[in-house]
Structure formats: C-alpha cells, structure tokens
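Okay, so here's the structure we're looking at.
Numbers restart at 1 for each chain; the letters A, B, ... are given by sequence-line order, proteins then strands. Keep in mind the model is a prediction, meaning the values are calculated, not measured.
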Amino acid sequence: MFIGDVLAKAGDLEGSKVRVCGWIHRIRDLGGVKFVIVRDRTGTLQTVFKKSELGEEVLEELEGLREECVVCIDGMLRRAPTKEGFEVAASSLTLLSRPLEPLPLEVHSSLKAGLTTRLKYRWLDARNPLVSGIFVLKAWVARKFREYYSSQGFVEIFTPKIVASGTESGANVFPVLYFDRVAYLAQSPQFYKQFAVIAGFERVYEIGPVFRAEPHHTVRHLNEYHSLDIEVGFIESYHDVMDYVEGFFRKLAEDLREVEDVLEAHQAPRIRIPESGAPRIPIRKAYEILESEYGKRIPYGEDLDPEGEKLLGSYVREKYNSDLVFVIDYPWRVRPFYAMRKDDEPEWTYSFDLLFRGLEVVTGGQREHRYERLRENLKDKGLKEEEFQYYLEFFKHGAPPHGGAGMGLERITMQILGLQNIREARLLPRDTERITP
RNA sequence: GCCGCGGUAGUAUAGCCUGGACGAGUAUGCGGGCCUGUCAAGCCCGUGACCCGGGUUCAAAUCCCGGCCGCGGCGCCA
C-alpha cells in the first residue's frame, strides 16, 4: 500500500497491522528507540523501533541501516505527535537493498546541490518529493491537454519523428543515418498536423518530442522537449485559434486545485486570467507600450527580445491582472513561410505568441492554405520550392482555411511552478553538453 | 555562434581582491561512541578537497599564461 493511501485511511487502519515499503528518508537513532522515516512516491511516514518492546535482536538488525536503503516495514498504525499525525510501531524490517557507497547526493536536501550534480545523479534527485512533484504536475498538464482538446472535438494524432527535411530553414535539425540516406529528427510536427487537417480530420492535437539542434546556452531552451500541438480547420480567423489556446489555459487555471499539493510545495500562485479574456496586443502596440512605459526600444518590425517579453508580462499583470498575454500580428520577416500574411498589409501576419508570466510558451497563427500563395511565400523567403514539394502537394486537392499552435510543455510546467531553469522540468534533459544519463 | 563568469573533501560552501599563522575553516554525509520520543534530533571522536599543465616568487588555493570542464547572457526559439 502507498503511504498516501495508508494516511488517507488512517482513521480506519488505526490499531491494525500495516506494511509500508520504500526508501529510508531519515534515521533518528536515540539508542534505545530508533525512528526510521520511510518515503515512497506518495509521502513519508515515521516508523518507530523500541528496544524495550522488540528486544536486542530486532534492534541489531537495524545496525548499518542508512538513508536510501530500500525496506519494507511491518507494524501497527497508531496515533503519534508526528507531522502526519500517525506512526507505525514497527515489529519487523525487511532490507531489500542498501547503498553500496556514500550517496553523492542527499535526497532530502538535493535542491541544495547544484543543478549539474542533481542531473548527474537524477535518479537520486528525483526521489526528492519536491522534484517528483514537478513531473506529477507535468503529467497533469499533458492529461489536461488531452482532456480539453478531446472534449472540443479534436483527434489525437501520432506523426513521424524521422523526417526528410526540416520545416523551415532546415539549419537547426539533427541528422540521422536512415539506411543509406540522411534523414532528420523532427523539429516540429507542423507539416504533419496540417496534413492531418487537410486529410479530413479537421481538428487534431499531438503530444510529442521535438528536436532542436541550436547550441543555445540559456535557462529556457532544451535540445529535446515535448511539444503540445493543435491544428484546426475551418477557422474564421486566427482569433479562433487563440480562443482554443486560451480555453486550455483557462482549464488549467480552473482545475489547478487538483494538484494543490505540488503547487503548495513550490509556493506557486494561481494562474490569473481576466474574466473578459487575456489581452491580445498587436506587436506594433507592444513596441509603443515598451517604449512609453519602460523606455525599452525594440526596432520596428523586429521580434521582442527576452527583456521585452518580461516587461510586457509585468505590464499586463498590472494593467489587466493577467498572467497571459497574446502578442499578435507579427512581422512577416520573423515568421515562417507557412504563416498567412495579412490581407491589407502583407508585411504582417495573422500570427501570435502567448506569453505566460513574461515567457513565450506558445506560438501559433493562421496558416496559408492557398497553393499559389504558399509558392509565393516560399519564393519570398528565398526557399527552394523543390525542397518543400511534398508539403505543397497537400494543398492541391482541397485545403480548408486552418490554423494552429505549438506549446512548450516544459515551459508551461516551469512557469506554473516558477522554476528557475527549464532543465528542472525535464527528467533527463538534453542540452549542448548533456546526453547522459 | 558571440560575450561574460566560474572550477576547493561524496555534497554545499569559506578563503582568492590585498601571496606568508592555510599544517586549508564550516555544514552535511560517511565510520565509531553516548543516548528510550526524535522530527534539520543532540553531544563527542575520526574521515576526506585546492580541475590539469606551465610561469612569476624566498613563498601560490590566492597573481600570470595555456588547456580541459561547467554555468549564464545574447542570438534563435517552445
């Protein structure tokens, strides 16, 4: 039985025999009485061994016991002035495994170690409840994503991660040997989710890994991460896509109490989204706000830099009491060729980014679904049509207007919990320096 | 890719600027001892480190040069 279950039913189980299995979290040895705190995924529970009750022999078995030994302990559950309100009066202990060497990382205080050390010994670090909580929350976000979009009539798809070319410039992809040819790890499911819409599924979503071969050195980039992707056909405008994205975040905000324990442990605040909706600010307006409010100048027609995003994040927080802000109508020159350009001003696009507490966590927009326009876009970007031939083919036989978005699962997790480094939100991060463990 | 910072016991740190009493301090872990209600248990004893190579100097953890490794900012992006 999980410790969490024992504690949940403690009222009924009081006075009866229980068995708890897990790792030894702490030992407090007072000589004639020994407290052994056991930890499993669901919590910790104190067990107590008394010499006067058990005799010398049982106590001797505890010699050499130390932190992170794997044990099962049998005993009687009773009330006690512990944090949990209960303890197990132990009758026996079964030792299943013990550390062969001094621990390179102390589990109960692993967060005091440097991130490099923690990642090197991640199997120890992840035993810290504060750490495993991150991944419980991450799994919860993924589940909410599935639930929300399924409920909105979306179908989950599973697209190839080995691909023939990148989706944009092709510069930032990892090559892999594919029999006698070179293939690449997918940097985005972009083309295939559009494929799925055109193939008649109309509304699709996918949770999958994406690979970016950029040598970045920052706290918000990984070379492998999980992308939450959606794509929707028959939209009226890119606002429909934003509505779907906002709906998902609203769902997260509403249901956040389901993961209250994790939030409390990380002292994470609620997600604030105004009743009227998250503000949608054209980037040209954002330039003005940054300049007038903060004296921050972004060159006209450029993307926001990280500082600009942070500032805009605090602006909407104060002005709209919102953790979310859509920045819309990005310049054509900073967006990929498949973005739809605005009818009346082709230097701008029907696209958006979503900033969550000042960090870009979602990118999306309406896609160009008209074959000839797509060819023009490619040409305008200086891309070779031949390289995107297979993609262009999709659009020859009836492609509805559509749009979609890609969201970074680790970035969302990081922003919900206020983590300082995205690597914390990835069990085994892949970055420029790290491919093990 | 460009720029900046750093590398001291298993882990986390002090010391470095201003070279000498640093024979490298502290916490925790680990080994041993005492202890029957701890909850960061406590107390006592022990254990264990200056990234590598070269240079300056009477003297280098400390200053200089090179290397290796790591971290971060920017660019790019989720």
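- Side-chain polar atoms of A:N172 and A:Y184 form no donor-acceptor pair below 3.5 angstrom.
- Remark: ring of A:F35 does not overlap the six-membered base ring of B:rG37 in a stacked fashion, as centroids less than 5.5 Å apart with planes less than 30° apart are not both met.
- The nearest heavy atom of RNA chain B to A:I37 and to A:P215 marks one nucleotide each, and the one closer to the 5' end goes with A:P215.
- Regarding A:D125, its CG atom lies at a distance of 14 Å from the P atom of B:rU11, rounded to whole Å.
- Comparing B:rA78, B:rG72, B:rC76 by their closest approach to the side chain of A:T363 singles out B:rA78.
- Between the side chain of A:E87 and the base of B:rG37, at least one donor-acceptor pair of N or O atoms lies under 3.5 Å.
- The base of B:rC77 sits within donor-acceptor range of the side chain of A:R411, with an N or O pair under 3.5 Å.
- B:rC2 is paired with B:rG73 under the criterion used here, namely a Watson-Crick or G-U wobble arrangement in which both key atom distances are under 3.5 Å.
- With rounding to whole Å, A:Q46 atom CD is found 13 Å from B:rU36 atom C1'.
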Using a cutoff of under 3.5 Å, can you pull out all pairs of nitrogen or oxygen atoms linking the protein to nucleotides 26-31 of chain B, with atom names and distances?
{"residue": "B:rU28", "atom": "O2'", "partner": "A:E106", "partner atom": "OE1", "Å": "2.3"}
{"residue": "B:rU28", "atom": "O2'", "partner": "A:E106", "partner atom": "OE2", "Å": "3.3"}
{"residue": "B:rG29", "atom": "O4'", "partner": "A:E106", "partner atom": "OE2", "Å": "3.4"}
{"residue": "B:rC30", "atom": "O3'", "partner": "A:R66", "partner atom": "NH1", "Å": "3.0"}
{"residue": "B:rG31", "atom": "OP1", "partner": "A:R66", "partner atom": "NH1", "Å": "3.4"}

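- One interatomic measurement links the two molecules: CG of A:D431 to P of B:rA78, which rounds to 19 Å at whole-angstrom precision.
- In the interface, the side chain of A:R118 is not paired with the base of B:rG70 through any donor and acceptor atom under 3.5 Å apart.
- For the residue pair A:S150 / A:E156, no side-chain donor-acceptor distance below 3.5 Å is found, with atom types taken as modelled.
- Note on A:N421: only backbone sugar-phosphate atoms sit closer than 4.0 angstrom, heavy atoms only; bases stay farther off.
- The side-chain tip of A:R280 does not point at the ring of A:F352 from less than 6.0 angstrom away and within 45° of straight on.
- The residue A:R426 sits apart from the nucleic acid: no heavy atom pair falls under 4.0 Å.
- Residue A:V210 is out of contact with every strand shown, counting any heavy-atom pair closer than 4.0 Å.
- Shown here, B:rG23 forms no base pair; nothing in the strands shown gives a Watson-Crick or G-U wobble contact with both key distances under 3.5 Å.
- Residue A:P104 places its side chain closer to B:rG10 than to any other of B:rC77, B:rG72, B:rG10.
- At whole-Å resolution of the value, NZ in A:K50 and P in B:rG37 are 8 Å apart.
- Taking only side-chain atoms of A:E214, from C-beta outward, the nucleotide of B:rA78, B:rC76, B:rA12 with the closest atom is B:rC76.
- At a threshold of 4.0 angstrom between heavy atoms, the contacts of A:E101 with the nucleic acid are absent.
- Using N1 to N3 plus N6-O4 or O6-N4 for Watson-Crick, or N1-O2 and O6-N3 for G-U wobble, each under 3.5 Å, B:rU57 pairs with nothing.
- For B:rU36, its base sits under 3.5 Å from the side chain of A:S52 at one donor and acceptor pair at least.
- A straight line from CG of A:D305 to P of B:rG75 spans 5 Å, rounded to a whole angstrom.
- Applying the 3.5 Å distance criterion, the base of B:rC77 shares no donor-acceptor pair with the side chain of A:H216.
- A 3.5 Å limit on both hydrogen-bonding distances identifies no Watson-Crick or G-U partner for B:rG37.
- Within the nucleic acid shown, A:T116 comes within 4.0 Å of sugar-phosphate atoms alone, with no base atom in reach, counting heavy atoms only.
- When each of A:Y244, A:F145, A:F248 is tested with A:F154 by the rule ring pair (Phe, Tyr, Trp, His ring centres under 6.0 Å), just one qualifies, namely A:Y244.
- Between the CZ atom of A:F211 and the C1' atom of B:rC76 there is a distance of 19 Å, rounded to whole Å.
- Here the P atom of nucleotide B:rG72 and the CZ atom of A:R434 are 8 Å apart, to the nearest Å.
- Between the side chains of A:R212 and A:Y225, at least one donor N or O sits under 3.5 Å from an acceptor N or O.
- Taking the centre and axis of the six-membered ring of A:W332, the NZ or CZ atom of A:K381 falls inside the cone set by 45° and 6.0 Å.
- With rounding to whole Å, A:L304 atom CG is found 13 Å from B:rA78 atom P.
- With a cut-off of 3.5 Å on both pairing distances, the Watson-Crick or G-U wobble partner of B:rU28 is B:rG10.
- Inspection of the A:R127 and A:H25 side chains reveals no N or O donor paired with an N or O acceptor under 3.5 Å.
- Residue pairs that meet the disulfide (SG to SG under 2.5 Å) test with at least one member in residues 41-130 of chain A, sequence neighbours left out, are A:C21-A:C72.
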